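The structure appears right after this line, and notes come after that.
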Amino acid sequence: MNRYNRPTLVSFLRVSCCALLLCLVAGLAVTALGQKRPAGKRQKPKPTKLVDELTKLREEFVKAANEYKASLEKLRASYEKGVVRAEEELVKSNSLFAAGLISKNQLDTDQQALAKAKGQVEEINQRIANADTQIAQTLLEADAEKKMAKIRIPRGGMVTTATMIRFNGGGAWGIGDAWKVQRFFQDSFRRPLPVSVFGQGAIHDRWRLDHRNSMDISLHPDGPEGQALIGFLRMNGIPFLAFRGAIPGTATGAHIHIGRPSHRY
């Protein structure tokens, strides 16, 4: 015979079901909290600072030039001490030669040693001056490009700085029109147009410049051939950039860039 009567059994089942339901709800709540906790700890990605590569290249160039200049200045100090020693030796040699104690050959040797020491100092001074010029030119060109970027050159307009010329030709231009320039140069100078880069080059990939619709000509813009080419480009409304020297991150040396300015990507 069953120990429990029917009402008691029903009550027991109701209590058991409620307890089980509470356990399930508590378990779901704990699980939900456990799933949300890692999301709360997830770190927000730090904003990446976009660095202009051209500016970076120029900064690296100026830094390297300053380090090179500092090493030259240390070397110059050593060479200047050598000049002082050579001068002292020559004073002694002059006295000894006057007294007939050394030969003329010995005196000539000491004079040559002094001249060599002075020549080393002059060479170092020239290298330091060149480094100063390159640093100043790089900083000046960076400032000029910033100013030029703010200037809107009208169609057919031209802007000239100490290191570059930009002509905003109004005529249509595409890399397929290169034959016109090549024919003009061949007819004018009886030699092929000195094209250094036609379309996209490795250096442009490195500097992230879109050069696909341009070509570079190995001519100095101030030379006779460069001036003739610039005259032809202007007459035909062909846009160009002419560089008088190297510009870190922009130009490896003097040349004429035919086409619109290469934009960075």
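Treat the numbers as computed from the prediction; the structure is a model and nothing was measured.
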Tell me whether [X] contacts the main-chain N or O of [Y] through its side chain, where contact means a donor paired with an acceptor under 3.5 Å.
X      : Y      : result
Asp110 : Leu107 : no
Gln120 : Tyr79  : no
Ser196 : Asp216 : yes
Glu225 : Phe189 : no
Ser78  : Lys74  : no

Can you check whether [X] reaches [Y] side chain to side chain, under 4.5 Å on heavy atoms?
X      : Y      : result
Lys118 : Glu87  : yes
Leu193 : Gln186 : no
Ile258 : Ser214 : no

Rounded distance (nearest 0.5 Å) linking atom [atom1] of [X] with atom [atom2] of [Y]:
X      : Y      : atom1 : atom2 : value
Leu96  : Glu89  : CG    : CD    : 9.5 Å
Arg127 : Ser71  : CZ    : OG    : 9.5 Å
Asp177 : Ile238 : CG    : CD1   : 7.0 Å

State plainly whether one hydrophobic cluster holds both [X] and [Y], where clusters connect Ile, Leu, Val, Met, Phe, Trp and Tyr through side-chain heavy atoms under 4.5 angstrom apart.
X      : Y      : result
Met164 : Ile256 : no
Ile165 : Ile217 : yes
Phe184 : Phe240 : yes
Phe185 : Phe198 : yes
Leu241 : Leu229 : no

Any salt bridge linking Arg85 with Glu80? Criterion: basic side-chain nitrogen under 4.0 Å from a carboxylate oxygen.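 No, this pair does not count.
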For this session: In sequence, state the C-alpha distance, the side-chain angles, and the governing distance for Met215 and Ile175, and then conclude on side chain to side chain contact (heavy atoms under 4.5 Å, CB included).
Result: CA-CA 8 Å; Met215 62 178 180; Ile175 196 69; 4.3 Å; yes
Cut-off 3.5 Å, side chains only: do [X] and [Y] have a donor facing an acceptor?
X      : Y      : answer
His255 : His220 : no
Gln126 : Asn130 : yes
Arg260 : Asn213 : no

- Output, in order, the C-alpha distance, side-chain angles, deciding distance and verdict of side chain to side chain contact (heavy atoms under 4.5 Å, CB included) for Met158 and Asn168. CA-CA 6 Å; Met158 189 169 71; Asn168 189 20; over 6 Å; no
Checklist line | Greater than 12 external heavy atoms within 6.0 Å of Arg234's CZ | finding: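 No, not enclosed.
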